[in-house]
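Here is the structure we will look at, set down as structure tokens.
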Amino acid sequence: MSIDSKDDNVFKALAHPRRRLMLDCLKDGPLTTGAMCERFDDMDRCTVMQHLKVLEEADLVVAQREGRERWNHLNSLPIKQIHDRWISEYASHAMSILDRLKLDLEG
């Protein structure tokens, strides 16, 4: 899988507000799929599982089976890679423009 298609999967996963909420739930530690279903009780189990599958395909969630339970762990590395590749690069460009504007206004 190319880097661009990996990025596409991460952007696709992050595009949905429910999936972002699911990632927020996993920030404090792993949760079982059952616990995720309880937190999102307005969705049926199948829908929660579909969202988790998209998150897994983007490598944002790593599932681990322990007996009958499936534990979902947050993997924040793809988000950091998106930040490093896209956000920080554009933010530094914007900051240099603001610095130039400040110098022009002061000068």
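Because the structure is predicted, anything quoted here is derived from the model rather than measured.
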So, R65 and E69, do they make that salt bridge, N to O below 4.0 Å? no
Closest non-hydrogen atom pair between P78 and A58, with its separation: CG-O, 3.8 Å
Linking I/L/V/M/F/W/Y whenever any side-chain heavy atoms sit under 4.5 Å apart, do L23 and M36 land together? yes
Going through the distances and angles, do L55 and L26 end up as a side-chain contact (heavy atoms from CB on, under 4.5 Å)? CA-CA 12 Å; L55 292 169; L26 295 173; 5.8 Å; no
Shared hydrophobic cluster for F11 and V61 (ILVMFWY, side-chain gaps under 4.5 Å): yes
Before you tell me yes or no, could you show the steps for T47 and D44 under side-chain contact (heavy atoms from CB on, under 4.5 Å), namely the whole-Å CA-CA distance, both residues' side-chain angles and the distance that decides it to 0.1 Å? CA-CA 5 Å; T47 304; D44 61 43; 2.9 Å; yes
In terms of hydrophobic clusters joined by side-chain contacts under 4.5 Å, are L21 and L14 together? yes
Check the pair I79 / H83 against side-chain contact (heavy atoms from CB on, under 4.5 Å), numbers first and verdict last. CA-CA 6 Å; I79 295 172; H83 174 270; 5.6 Å; no
Verify, without hydrogens or angle tests, whether R70 (side chain) and A63 (backbone) share a donor-acceptor contact under 3.5 angstrom. no
Could you see if L60 belongs to whatever hydrophobic cluster contains W71? Use Ile, Leu, Val, Met, Phe, Trp, Tyr and a side-chain cutoff under 4.5 Å. no
Atom pair OG/CD1 of S76 and I82 - distance to nearest 0.5 Å: 13.0 Å
Minimal non-hydrogen separation, R45 against G34, with atom names: NH1-CA, 3.8 Å
Using atom types as modelled and distance alone, determine if a side-chain donor or acceptor of R19 lies under 3.5 Å from a backbone N or O of H51. no
Given 3.5 Å as the limit, does a donor-acceptor pair link the side chain of T32 with the main chain of A35, or not? yes
Do the non-hydrogen side-chain atoms of P17 and R20 ever get within less than 4.5 Å of each other? yes
Measure the shortest side-chain to side-chain distance between R39 and V48 over non-hydrogen atoms and say whether it is less than 4.5 angstrom. no
Could you tell me whether the side chain of N72 and the main chain of P30 form a donor-acceptor pair under 3.5 Å? no
side-chain contact (heavy atoms from CB on, under 4.5 Å), that's the test. Do E56 and V62 meet it? Break it down for me. CA-CA 6 Å; E56 278 186 76; V62 176; over 6 Å; no
Under a 4.0 Å N-O cut-off, is there an ion pair linking D84 with K80? yes
Nearest 0.5 angstrom please: R85 CZ to K6 NZ, how far? 14.5 Å
Hey, any chance L31 and M43 share a hydrophobic cluster, counting ILVMFWY side chains that come within less than 4.5 Å of each other, even indirectly? yes
